Amino acid sequence: TFEVPLDGSDNYRMNECVEQIAQLIDQYFGTAIEDVTRINDLVDQEIVASWRRERNNQVEINGGSK
């Protein structure tokens, strides 16, 4: 069972997310992931891409920049 932290800094929540993804992979595939660098990079890239899409949608909704 995974618990999603609702408190804490973005960095804390990011680290918890990455660690839980590593644990989930370990459970599914019987691995023992020790270096989570690539998982961290993937999660970071997805968060940034999501923020950019959200920002671009807001620009479209507000009629673009002036």
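Owing to the predicted nature of the structure, the values given are computational and were not obtained by experimental measurement.
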Considering residues at least two apart in sequence or located in another chain, which fulfil the side-chain contact (heavy atoms from CB on, under 4.5 Å) criterion with Thr37? Asp35, Asp41
How many angstroms lie between OG1 in Thr31 and CD in Gln23, if you round to the nearest 0.5 Å? 11.0 Å
Using salt bridge (Lys or Arg N to Asp or Glu O under 4.0 Å) as the criterion, list what pairs up with Asp10, not counting sequence neighbours. Arg13
Is there a side-chain contact between Glu46 and Leu42, using heavy atoms and a 4.5 Å cut-off? yes
Report yes or no: do Ile21 and Tyr28 belong to one cluster of Ile/Leu/Val/Met/Phe/Trp/Tyr joined by side chain heavy-atom distances under 4.5 Å? yes
Consider only side-chain heavy atoms of I, L, V, M, F, W and Y, link residues closer than 4.5 Å, and tell whether Val18 and Ile47 are in one cluster. yes
Under 4.5 Å between side-chain heavy atoms, counting indirect links through other Ile/Leu/Val/Met/Phe/Trp/Tyr residues: same cluster for Val4 and Ile39 or not? no
For the student: nearest non-hydrogen atoms of Val43 and Met14, plus distance: CG1-SD, 3.5 Å
Would you name the heavy atoms of Glu3 and Gln20 that are closest together and state the gap between them? O-NE2, 2.8 Å
So does Ile33 get a backbone contact from the side chain of Asp26, meaning a donor-acceptor N/O pair under 3.5 Å? yes
List for me each residue that meets side-chain hydrogen bond (donor to acceptor under 3.5 Å, both in side chains) alongside Ser50, sequence neighbours excluded, and say none if there are none. none
To the nearest 0.5 Å, what is the distance between SG on Cys17 and CG on Asn40? 9.5 Å
